[in-house]
Structures are given as structure tokens and as C-alpha cells.
Amino acid sequence: MTNATNTQKSKPMDMDKLVSLAKRRGFLFQSSEIYGGQNGFWDYGPLGVELKRNIKNAWWQDMVSAHDDLSTLSGAPAPFQMTGIDSTIILHPQVWKASGHYDLFHDFMVDCRQSKKRYRYDQIVGRYVSYNEQTVFITTESSAAAEAEIEEKALQFFKLKSKHREKITYEGGIVNLTTIAQKENIVAPHAKEAGTLTEPREFNLMFKTTVGALSGEEGTAFLRPETAQGIFINFKNVVDSSRVRVPFGIAQIGKSFRNEITPRNFTFRSREFEQMEIEFFCHPDQSADWYAFWRQRRFAWYQRLGLSQERLIMREHEADELSHYSTGTADIEYAFPFLPEGEYGELEGIAHRGDFDLRSHMEGKLDPNSNPLEVEKGEDGKPRHRGSGKDLTYRDEVTNEKFLPHVIEPSAGADRATLAFLCEAYDEDTQPDEKGKPQTRTVMRFHPRIAPIKAAIFPLVKKDGMPEIAKELYRTLKKKMNVFYDEKGAVGRRYRRQDEAGTPYCITIDGQTLTDQTVTIRDRDTLEQYRIKIDNCAAEITGKIEG
Ligand code: ATP
């Protein structure tokens, strides 16, 4: 999560209201809720699964299935091909050795002996605070409201009343715990005394499992922490089987798992989540241009589906943040409402990865008798990547040039995108009810393309043949899109229920339908109502969704 100086659109949205709507209307549930819940795991309910699937389908369609291989897209250096795969979640353990995840994919954690809480070491911030000749380093996990929290904690720690605030002195500003040399007298974020934090310990984020009946290290395998590696190890298979030519991309959508130390912020940081990743293979000479193209293309995609420009930023990584092999990485970040003003959370990273991944999977054959998970260090003392030993270079059939392609990786999270679209969609306005009294209306303003239900069909009343006509229309439309039939309660109430579900159009069959075969279409956002012929409904709604 980062701070940025951009002015962001202030969206008066209470996250608690969204969380409660998400549960009440069946977007998201805590996993295993009846057993007390499982932290970091979330289930999608009937509306949520449609929303997330629509987002994944939009991504797949825009990036892969509807991609035009023959034309040059705006901003692209050349035409390119796109293709997809679906690899397994459990891969050969050596994949993670070669990719560096086995040795390097870890966070440092610290435990508090008093509160029994566990923290990510790099997420704790604090400040030196003194009173009456005692100096302690008071900490908090909340980087945004750190100053205020530390002041309150200092009062509690020194057992002072608020009116004596000014007796406390502060040295230096708020700094990360990792940056201070003196590790004594630290007051942990939820501790009452100093000195209760353990030493930081390395914690690999990959979930371990055992394959087959073997016990011990031989059977050890991992749930993938990213979908990308499944693409790299299939690079040769795709080239050989589908006759793609560089430049081309391979896309994959699938589950990834990370044993996050502190899952938080609804689904933002989960332990099981879905990724939508592209590995785009190009000639090294053109890779800078492709990197620029993908950054812009992916940024525009979120906007087209409804994320407002004011709440989205593209953040270029600083040189010291870049992996050693990357010449550029940018994150697309969104001003999630649960973050403090000015902070943004990552939706997608776009990285220029050079030839690092293909090279890692290619170089250095593993001794068949050695344990693939043994840490082997090179002369520089760093863990050595031990690839398959297979030749993964590419030979261009037209130019006959042989080279190792460079890779641009747009890597997005389906759950984070879903959460961003949920946050963006949530709105409240005031509308008169049937008696003309102003009422607060909760409305989810999803882009029609990702809305879980595209249209709701109502008979105005349950008589005069209206339900029969409405049901027939429902059956016709249902073959083409997800529509909903509702005949219960006053029409105003039915509209409200659909507004909360984010349904962009409601179609009502009324008395006039019986005489002239027209229906009313009501627009969720403009509240405009207009009549069209019942036979034109499918074309009308399809046009609006696609338009
Ligand atoms: P972060 O810094 O937030 O942990 P990351 O930089 O480790 O994210 P990547 O490894 O680049 O993330 O993964 C690509 C995308 O996968 C992220 O942009 C995000 O959308 C998604 N993602 C990563 N970790 C999680 C998680 N724990 N829960 C949900 N989505 C995630």
C-alpha cells in the first residue's frame, strides 16, 4: 500500500455498510462461518460469484478470446497474438526452487508474548517517547493514524491523564521498526508493557502439502503462490503446439495461495485468491515499448469497466524497490475506502522481467540424485536457481534468429478487482417512495457488463395475464443473459431490491402491455422509464450491456 500526493475523489462511503450489504445480499461471506470463520478465506455468494465471474470473463474476453491478432492496437509496437492455458495448482517442487520462491518468498514476522498477536515485521511503525526519564519505542500497525495512536498509547503506558499530554516528549518522527538499531524497550502494538516482542523470524508464504503416500521431504509440494510459473514452464509447449510467433502473450486465470501473516481489509489480503496473469513474450529490443503499451492498456481496462480516474493511480516503482532483474515495474493502485485518505492499494502489477524467468527455468540441470529442495548457494553466497536444463530459447521461423524472449507481466488479482468494483459501485441517494416521502436508496452502480443480474422482469400485478407474459419474457432473455423474475410486493420495493443488487435495468409488464405489446424499461442510474416493444427487449438490453 502506498501514499500518494494526488488529490483523490472524496467518496463518502462507510466500509461497514458495504461489508454488511455484501453479506445481506449474498456477495461475500466469511469462509466456514458456522464454525467461527477462517481468517483470510472468503466465499462468494450467489451475487458475488456472478460479479467475479463477469470480471474474469471480461478480462479473458478483452485480453484473449476477442483479441484481434491481425491489427495493430493503439499504442502497440506491432500486431501480436494472445493465447491461454490452465495449469495445475501443484507443480514440481523444483519449479519453486528455480523461480526463487522457495528461498526468497518470505516475510519476517514477530510475535508478542503478551497479547499473543503476530505481526509482519515491516508493518510495525513507531516513535521514541519519553516521560520522567524513561524512554520507550511505542508502536502501532496503523501507519496512517500512527501519530494519534502513539500519543494515546503513550498516555496509557505512562498512566497519565489526557490533560498531562504535554509532559510527554517525542524524539524523531514515526519510523518503521525495521529501521531502528536499538531493539530494547519496544512496546508492541497491543501490549501494555515494553519488551514483549520476539526476534523477527523468516516465514515462507507458500503453503506446504504432501503428494502421495510418501512422508518426509520427498513428498513435499507447494500450493502455487502465483499462476505465472505455470505459464513459464509451458512456454515451449505453447510455442511448439500453437505456432505462435513472438511477440505473443499467454494468459491464465486461477487460484493462488499465500500464507499471509496478517490477512486483512476484507478480501484485499486473503490467503486463497484468484489471479489473472499474462506473460507477454517479446524481442529484447522491443521490450521497453511493450512495457509502455501494457501499462497503459491495463490502466485503461479498469477505467472502461467503471473505476473512476480520480481513485486510480499508476505508481512507478522506485529503483530500490525493483527486483534485480527488472528494468521497470508499475502498480495500478486504487483508493480503497478502507485505506486512510491518500493511501492506495495495489490492484495489479505490470513488470518488465527481462529474460529472468525463462533463463531460471533453463539453466543449471538438477542432479537427479539430489533433493530438489536443498538450498544450494552460489559463489556469491546467494541461493542458486537450478532450472530444468532444457533449452527454452526461441527460434523465429521467419528471421531464423535464436534468442531468449523478454517478458512483460501484467499480473492482476481477481478478488482485489472485484473488491474495487464493489467499493466503486456502492452509492446512496435520496428518492421519493410510493407516497412521495424521501427515502435513502442504496444502489450498486456496477457497469452493466459486470453487473451480476442484467435485468429484472416484473409483472405489475399478479393478474390479468401479466405474470404469464413476464415469465415468457424471462425465459427468452434467460437464454442470453442472467435475468431475474420477481412478482412479490410493490413495484417500488422490487426496484429497491434490484438497486441493491446492482441490476441496471428493470422491465415491467403492465396493463398497456396487454394492448400494445410494449413494456417499461427503467434505468437504475438515471431512473428514466421508457417503453419499447416486448420483442425488442433482448436486443435493447444486449446493446446496452455491450455498449
Ligand atoms: P502485495 O504487495 O499487496 O502483497 P504483491 O505485490 O505481492 O501484492 P503480486 O505478487 O504482484 O502481489 O501479485 C499480483 C496480484 O495478485 C496483486 O496485484 C493482487 O491483485 C493479487 N494478490 C497478491 N496477493 C494477494 C492476496 N494476499 N490477496 C488477494 N490478492 C492478492
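Sequence positions, counted from 1, serve as the residue numbers for this chain. All ligand and atom numbering here is 1-based and tracks the order in the structure.
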(request) Please state whether Glu226 comes within less than 4.0 angstrom of ligand 1, counting heavy atoms only. (result) no
(request) Check each of Glu409, Glu272, Arg269 against atom 4 (O) of ligand 1 and report the one with the nearest heavy atom. (result) Arg269
(request) Taking the side chain as every heavy atom from C-beta outward, state whether Arg113 and Thr198 have any pair of such atoms under 4.5 Å apart. (result) yes
(message) Pairs of nitrogen or oxygen atoms closer than 3.5 Å, one from Thr267 and one from ligand 1: do any exist?
(response) no
(message) Could you work out, for atom 2 (O) of ligand 1, the closest of His317, Arg271, Glu346 by heavy-atom distance?
(response) Glu346
(request) Take atom CZ of Arg445 as the centre, draw a 6.0 Å sphere, and report whether it contains more than 12 heavy atoms from other residues, nucleotides or ligands. (result) yes
(request) Ignoring hydrogens and angles, state whether a donor on the side chain of Ser115 or His190 is under 3.5 Å from an acceptor on the partner side chain. (result) no
(request) Would you kindly specify which portion of Leu347 sits under 4.0 Å from ligand 1, judged on non-hydrogen atoms: side chain, backbone, both or neither? (result) backbone
(request) Would you mind telling me which of Lys52, Arg224, Arg416, Lys255 makes a salt bridge (Lys or Arg N to Asp or Glu O under 4.0 Å) with Glu274? (result) Lys52
(message) Heavy atom to atom 24 (N) of ligand 1, shortest distance: which of Arg264, Met276, Glu333, Arg258 holds it?
(response) Arg258
(message) Between Gln229 and His101, is there a side-chain heavy-atom distance shorter than 4.5 Å?
(response) yes
(message) Tell me whether Tyr291 contacts the main-chain N or O of Thr329 through its side chain, where contact means a donor paired with an acceptor under 3.5 Å.
(response) yes
(request) May I ask you to check whether Gly413 has an N/O atom sitting below 3.5 Å from an N/O atom of ligand 1? (result) yes
(request) Could you tell me whether Arg295 and Glu316 have a side-chain N and a carboxylate O separated by less than 4.0 Å? (result) yes
(request) Would you mind finding which of Ser270, Ser256, Pro410 brings a heavy atom closest to atom 27 (N) of ligand 1? (result) Ser270
(message) With the threshold set at under 4.0 angstrom, would you say Asp415 reaches ligand 1 through any of its heavy atoms?
(response) no
